[in-house]
Amino acid sequence: MRRIAAKFAASLLLGSALIHPADAQAAPKPSSSQLPANDAAIDARVEALLAKMTAEEKAGQLSQFFYFAQIPAMAKGVDDQIAAGKAGSILFTTDPKLLNRAQKMAVEQTRLKIPLLVGFDVIHGLHTIFPVPLAMAASWDPKLVERSQAVAAQEARAVGIHWTFAPNVDVALDARWGRIVEGAGEDPYLGSAMAAAQVRGFQGSYIGAPSHIIAGPKHFAGYGAAMGGRDYDQSEISENQLHNFYLPPFKAAIDAGAGNIMAAYMALNGVPAAGNHRLLTDTLRTEWGFRGWVVSDAGGVDALRTHGIAKDGTEAAVKAISAGTNMEMVPPGQKAHMPSLAAAITEGKLTTAELDAMVRPVLAAKFRMGLFENPYVDEARAAKVLADPAHADAARAAAERSAVLLRNEGGLLPLDRKKVRSLAVIGPLADSQRDMLGPWIFSMNNPSAESLLAGIRAKVGQGVTVSYSEGVRIPARVNPSPFDMMDGKRTKPEPIDEDAEIAKSVALARQSDAAILVLGEAQNMSGEKASRASFDLPGRQKELLDAVVATGKPVIVVLMSARPLAVQDSKAAAILDIWYPGSQGAAAAANLLFGDAVPGGKLPISWVRSAAQAPMTYARLPSHDPTDAAKRYQEGSNEPAWPFGFGLSYTSFAYSNLKVLTPKVAPGSPVNITVDVANSGPRSGDEVAQLYIHQKHGTSSRPVRQLKGFERVTLKPGEKRTLTFTLSPEDLRYWSDATRSWIEDSSDFEVWVGGDSTASLGGSFEVGGR
Ligand code: NOJ
């Protein structure tokens with residue numbers, strides 16, 4: 001009991017920085033059911049309920065329906081399912097009043113009064129929008145990420161959501177794949193840190209913690225390796241890559257306590273995800289000890305038919321259940337297949353024990369979340385939580401800390417307000433509010449953002465003349481995004497004369513002390529169904545950029561995108577990548593441009609020069625001919641424009657004195673390394689010190705470099721800090737296809753610490769001895 005109380009107190013503390021005092025007072029006192037429930041008590045309640053349930057009611061708990069409650073015609077069919085006890089869960093409604101209404105049907109009209117579990121894609125905020133997850137990874141700041149997702153959870157829980165389909169922990173080496181925006185980029189170590197931080201942020205310290213929701217890492221597994229970067233296409237991943245690249249962030253999320261996991265859509269090595277017994281049962285449950293439930297992706301159970309491993313819906317449901325998928329996410333207009341499980345039992349295709357095993361964790365989640373005691377939310381309180389100003393502060397901090405400064409020739413940035421009296425703000429994204437928010441944001445949650453133009457105007461006030469020209473338009477996608485309709489009604493903008501706009505942009509730049517070009521991709525060019533075959537700036541943006549640069553005025557490019565764009569050859573003096581920065585992105589970017597915040601983010605991806613270089617990882621294997629490893633293409637370098645881990649600051653940092661305190665250790669022992677990092681420049685700033693290793697020989701060929709440690713530190717000018725990194729045996733372990741097992745070789749290792757993946761300050765150590 002004392003342990004429970006301590007755990008509960010810890011969870012309150014965790015959230016304390018984020019809970020506005022007024023909100024903390026308004027929050028209802030946790031009832032005993034909101035304390036971390038003891039497993040035996042939960043199990044007993046689950047068994048007692050299960051014993052009362054018919055096979056049809058059990059199958060109902062395994063069906064989750066898309067529920068657009070605000071559109072009565074679409075809601076009707078699902079209302080009927082809820083009232084008939086045939087829906088265990090719903091998704092896609094975020095209005096507390098409509099959610100209370102749905103719960104009322106489940107709780108008052110069904111025989112067993114089982115409340116609904118409400119899911120939603122809370123990816124980077126619900127109402128207060130944070131930078132997209134790829135940007136959050138660029139902060140290299142797991143604590144910030146945890147705090148941000150705790151805010152998102154607080155808003156979601158307040159409106160009646162219990163579970164998010166996040167974090168997306170898909171490692172992605174190929175930025176053609178639009179969903180790279182949702183993950184932490186190319187690296188499994190950084191990805192694991194971000195996965196665990198997000199799970200902690202969403203869930204708090206236990207499932208059912210007040211103001212928190214259940215996390216569902218996705219998409220299990222290998223979705224990020226979609227062939228050719230084409231969303232939904234098959235993934236073909238070697239055992240080596242699966243274990244060493246794609247699975248670690250999932251394992252980290254499960255170790256952090258994630259209560260749910262979502263199976264992917266696609267086939268991995270020929271096996272469709274929702275029917276993949278090896279992954280969903282052998283790896284997830286047997287090896288990793290996962291005790292939560294698996295949901296299919298939308299239509300993922302039916303997809304066992306379209307993928308060609310089930311002849312009909314019943315077989316699809318039986319195969320999904322037998323593989324380890326507990327719950328079917330049923331898209332609008334599709335028939336649920338889980339109800340056919342009742343007949344499958346009668347026909348001997350499935351046993352009651354097998355069905356019960358899949359229902360248990362779903363019921364357990366409902367008990368843990370306290371839904372039987374408290375299925376409803378307080379609508380007035382929900383409105384207050386969404387309006388909490390502390391949330392906006394958190395979003396601004398996140399946007400400031402995730403921006404990456406790619407170039408800053410002659411120290412052009414930060415702009416000096418005393419010297420810059422006139423600014424030309426130019427570009428198709430300069431005056432866009434919607435694009436600041438990024439993908440996976442829905443108008444029904446009433447999110448808002450200022451445009452960067454408005455943010456700059458607010459920052460400089462009356463004293464500086466700010467002129468604006470759109471310049472060019474980003475052409476609409478050839479295959480439209482299915483998510484555009486979730487943006488609500490939008491008026492189509494008047495067409496522009498791009499030749500005239502480019503001329504106007506040039507004229508404005510000529511009249512100004514500096515030009516800020518806000519370029520990139522529209523937000524709907526990233527996300528689901530948003531693959532690209534080119535990383536060129538879309539439309540005539542390059543022409544616009546070149547024309548403005550040709551004026552000879554200082555040019556700053558502010559980039560908005562979630563994939564590398566080919567800007568490296570432009571002659572712009574400064575390039576600041578703000579990704580899609582969220583609700584407070586305009587204020588954050590203005591702070592960064594004028595030096596009220598200092599960029600400290602680092603790339604979570606290698607910034608390839610063109611789509612032709614994808615896929616790319618800095619962690620490639622050595623080859624038989626390492627001498628020209630950077631020149632594999634006839635056209636020249638195959639190195640990225642900017643390496644993984646790269647990012648500049650308004651100050652500079654110097655690394656020295658790398659010491660391996662344990663130069664020779666036995667296998668299974670930790671290795672300790674210290675290094676000094678000093679701020680060698682004129683102002684305070686943040687540096688992300690990164691540690692990379694290379695194993696020189698052993699059972700398998702090992703990457704030329706692998707990230708195995710990092711720390712973001714703030715240093716004043718002249719300040720020096722000694723950082724300590726400890727490599728655990730886990731860090732030196734890897735999956736070898738030679739032995740088909742995890743191993744730690746006795747070997748010699750190189751180690752480097754520095755500000756990106758090309759760090760040159762190195763040392764060495766030896767594990768074992770031969
Ligand atoms: C399909 C997406 O792949 C998944 O990530 C998402 O959670 C579901 N749709 C629900 O929106």
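Keep in mind it's a predicted model, so treat the numbers as computed, not measured. Each ligand, and each atom within it, is numbered from 1 in the order the structure gives.
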Visitor: Quick one: which ligand 1 atoms are inside 4.0 Å of a heavy atom on Glu528?
Guide: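 The list of qualifying atoms is 1 (C), 2 (C), 3 (O).
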Visitor: Return the minimal non-hydrogen interatomic distance between Lys218 and Asp170, and the atom names on each side.
Guide: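 It is O-OD1, 3.6 Å.
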Visitor: Would you say Asp121 has any N or O atom under 3.5 Å from an N or O of ligand 1, going by distance alone?
Guide: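 By distance alone, the answer is yes.
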Visitor: Give the atom numbers and elements of ligand 1 that come within less than 4.0 Å of a heavy atom of Phe165.
Guide: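 Every atom of ligand 1 under 4.0 Å from some heavy atom of Phe165: 7 (O).
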Visitor: Compute both the distance and the angle, then confirm whether Lys529 meets the cation-pi test with Trp440: under 6.0 Å from the six-membered ring centre, within 45 degrees of the axis.
Guide: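 No - Lys529 does not lie over the ring of Trp440 by the 6.0 Å and 45° rule.
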Visitor: How does Arg179 reach ligand 1, by side chain, by backbone, by both or by neither, if only non-hydrogen atoms under 4.0 Å count?
Guide: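 The answer is the side chain of Arg179.
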Visitor: Can you name the atoms of ligand 1, numbered from 1 with element, that are less than 4.0 Å from a heavy atom of Lys218?
Guide: 4 (C), 5 (O), 6 (C), 7 (O)
Visitor: Starting from atom 1 (C) of ligand 1, find the nearest protein heavy-atom neighbour and note its residue, name and distance.
Guide: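 That would be Asp297 OD1, 2.9 Å.
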Visitor: Locate the shortest heavy-atom distance separating Val377 from Arg157; write the atom from each residue and the value.
Guide: CG1-O, 3.7 Å
Visitor: Would you say His219 touches ligand 1, if touching means a heavy atom closer than 4.0 Å?
Guide: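 Judged by the 4.0 Å heavy-atom criterion, His219 does count as contacting ligand 1.
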Visitor: Where is the tightest heavy-atom contact between Ile213 and Ala156, given as atom of each residue plus distance?
Guide: CD1-CB, 3.9 Å
Visitor: Using ring centroids (six-membered ring only for Trp), state whether Trp177 and Tyr223 fall under 6.0 Å.
Guide: yes
Visitor: What closest approach, in Å, do Ala253 and Pro217 show between heavy atoms, and which atom pair accounts for it?
Guide: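 Shortest heavy-atom separation between Ala253 and Pro217 comes out as CB-CG, 3.7 Å.
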Visitor: Return yes when Phe92 approaches ligand 1 closer than 4.0 angstrom through a heavy atom, no otherwise.
Guide: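 Right, Phe92 reaches ligand 1.
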